[in-house]
Amino acid sequence: MNLYAKLLEREAERRPIKIGLIGAGKFGAMYLHQVLRTPGVHLVGIADLSPSRAIENLKRVGWTEERYGAVSLDDALENGTTFLTDNWEALVKYHGIDVVAECTGNPVAAVEHCLAAFSAGKPIINVTVEADAFCGPILAHKARQAGVIYSLAYGDQPALACDLVDWARACGFPVVAAGRGHKWLPQYRESTPETVWDHWGLTAEQAARGGMNPKMFNAFLDGSKPAIESAAIANATGLKAPSQGLAFPPGSVDDIPTLMRPRSEGGVLEAKGQVEVVSCLTADGVQIPNDIRKGVWVCFEGDSEYIRNCFEEYKVVTDPSGRYMSSYKKWHLIGLELGISVAAIALRGEPTGVATAFNADVAATAKKDLRPGDVLDGEGGYTVFGKLAPASTSLAKGYLPLGLAHNVRLIRPVAKDSCITWADVAIDETLPAVRIRREQEALYSPAATRKRA
């Protein structure tokens with residue numbers, strides 16, 4: 001609350017929040033559209049490996065050449081314009097940047113960008129949740145050591161779900177479960193970039209018009225992105241991952257309180273305090289009315305007779321027992337909402353979601369029978385999908401995180417639907433993303449955990 005009023009104050013004082021954006025793809029372009037309409041904010045610089053593609057997106061969302069025509073960061077800072085560059089390192093280090101937004105979608109690169117921001121003493125919003133899923137806890141730890149903020153991106157579902165969980169807990173409600181919606185059938189596990197639009201509900205032409213990457217959107221469809229985002233939610237809220245992965249129970253928004261209760265009470269949960277994803281399709285593929293496909297939810301408990309009576313008196317939707325209720329946000333607007341993170345960090349010094357534990361992980365899992373010599377192509381591709389697992393299970397079995405399954409060669413065969421392990425691949429241990437994941441594994445190993453206790 002009051003973020004807009006504070007932004008207006010910054011505008012009146014001619015003291016805008018100064019932003020550096022890395023990656024001007026789909027998510028970045030959505031923020032580029034909104035930042036022109038947001039008072040008290042100045043996008044000083046944009047770094048993208050393909051400046052020509054960035055210019056296409058700038059034009060698509062209504063920017064004029066004069067606005068992004070600064071010849072340097074100094075020029076942009078002085079004249080209220082924006083400098084376009086392919087040098088992300090210079091952007092992160094620039095003294096005139098208050099907050100960095102990492103929007104590349106490349107998890108290996110995102111880790112490097114986050115570490116550089118910490119070294120430069122800059123807060124960073126990590127839009128690339130794929131990176132947060134495999135090393136968010138250690139990134140949060142390093143940000144604290146550097147005295148800066150590391151944050152999930154408002155607009156993406158994990159930050160919105162964290163907001164709902166925080167709301168419920170701040171109201172005094174015990175949280176039973178939280179998560180997001182999805183369009184899910186088991187056969188979607190096998191979807192590839194060639195089949196994604198057939199299942200998604202768009203034509204290839206509609207997707208191209210919006211600049212939508214088929215591999216990225218296939219990561220949603222094949223279950224990878226729901227697993228990734230559920231891991232981020234679990235690690236930021238302290239909720240647990242189901243031992244066998246996400247169940248994707250079908251239901252409408254009104255079904256959430258009934259679904260999201262323990263199995264012993266008729267629900268789908270192994271225990272209270274878990275993440276889960278609700279599907280908008282029945283098991284036979286029929287669309288469920290009033291679904292939560294594009295939204296997020298939290299289920300909480302009326303743990304006293306007084307609260308349950310309040311639920312009844314105010315005619316809220318509960319499970320049949322009247323004990324469980326949910327709240328939800330039916331839509332998320334992705335990059336159009338990123339300004340909330342910018343304002344929360346710069347004006348309040350608060351992240352919009354950050355890992356506080358290592359409870360959940362996403363294992364790279366074979367989409368088909370794989371052979372030695374096959375090269376893994378990451379989330380949304382042809383070789384692997386992501387499966388949510390408790391972090392303790394992942395560490396014990398040596399699962400390869402999905403976020404590191406990019407351009408990695410197999411050295412052992414892996415059967416379809418089996419989780420890939422570190423021992424199955426030849427991986428460059430010198431990569432910053434690999435090193436920091438190894439550091440996280442050491443930090444959260446059973447021995448290290450016992451020592452801290």
Side-chain angles (χ1 to χ4, degrees), residues 105-108 128-135 182-200 213-232 234 241-248 275 277 279 360-429 431 433-434 437-438 440-441:
N106 182 325
V108 173
T128 306
V129 69
E130 295 86 352
D132 188 86
F134 77 83
C135 65
H182 189 50
K183 181 180 181 179
W184 177 253
L185 292 173
Q187 56 264 39
Y188 292 168
R189 287 278 192 220
E190 300 177 5
S191 179
T192 71
E194 293 178 2
T195 63
V196 59
W197 304 129
D198 296 337
H199 302 303
W200 190 261
N213 182 328
K215 186 173 184 288
M216 183 186 75
F217 278 83
N218 193 53
F220 286 95
L221 190 73
D222 72 7
S224 298
K225 206 62 175 276
I228 288 166
E229 296 192 342
S230 295
S243 64
Q244 301 303 310
L246 296 168
F248 297 101
V275 291
V277 174
S279 175
D361 203 10
V362 183
T365 308
K367 192 172 280 189
K368 58 183 179 179
D369 287 339
L370 299 173
R371 300 171 296 180
D374 286 344
V375 177
L376 306 182
D377 57 353
E379 57 272 355
Y382 295 84
T383 59
V384 293
F385 65 87
K387 181 177 180 179
L388 187 69
S392 58
T393 301
S394 180
L395 292 178
K397 296 189 175 182
Y399 291 156
L400 178 71
L402 180 64
L404 294 177
H406 292 251
N407 299 317
V408 175
R409 182 174 56 85
L410 277 178
I411 58 175
R412 302 198 305 194
V414 179
K416 182 176 183 285
D417 295 327
S418 297
C419 294
I420 298 167
T421 70
W422 289 97
D424 295 325
V425 299
I427 198 163
D428 183 358
E429 295 279 352
L431 286 173
V434 175
R437 168 64 190 213
R438 293 298 205 185
Q440 177 170 298
E441 292 187 352

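Keep in mind that this is a model prediction, so the values were computed, not measured. Residue numbers count from 1 along this sequence.
- P413 has its side chain out of reach of D369: every pair of non-hydrogen atoms, C-beta onward, lies at least 4.5 Å apart.
- Expressed to the nearest 0.5 Å, how far CD of E130 lies from CG of L402 amounts to 8.0 Å.
- Side chain of S230 to main chain of V275: no donor-acceptor pair is present (N/O by atom type, distance under 3.5 Å, no hydrogens or angles).
- Note that the CH2 atom of W200 and the CG atom of L221 stand 6.5 Å from one another [nearest 0.5 Å].
- In terms of modelled atom types and a separation under 3.5 Å, the side chain of R437 and the main chain of F134 share a donor-acceptor contact.
- A distance of 9.5 Å separates CG of D424 from CG of L370, quoted to the nearest 0.5 Å.
- Ring geometry for W184 against Y188 counts as perpendicular: the plane angle is over 60°, on a 0 to 90° scale with 30° as the lower cut.
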Q. Can you list the steps and then say if D374 with V414 is a side chain to side chain contact (heavy atoms under 4.5 Å, CB included)?
A. CA-CA 10 Å; D374 286 344; V414 179; over 6 Å; no

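- Salt-bridge annotation for K367 and D377: absent, with no side-chain N of the basic residue lying under 4.0 Å from a carboxylate O of the acidic one.
- Classification of E379 and K215 as a salt-bridged pair fails, no side-chain N sitting under 4.0 Å from a carboxylate O.
- With values rounded to the nearest 0.5 angstrom, K368 atom NZ is found 7.0 Å from T383 atom OG1.
- Atoms OG and NZ, from S394 and K387 in turn, are 11.5 Å apart once rounded to the nearest 0.5 Å.
- Judged by distance alone, with hydrogens and angles left aside, the side-chain atoms of S392 form no donor-acceptor pair with the main-chain N or O of P390 at under 3.5 Å.
- Listed for the T365 side chain is no donor-acceptor partner under 3.5 Å among the backbone atoms of C419.
- Separation of atoms OH (Y382) and CG (N218) is listed at 8.5 Å; rounding is to 0.5 Å.
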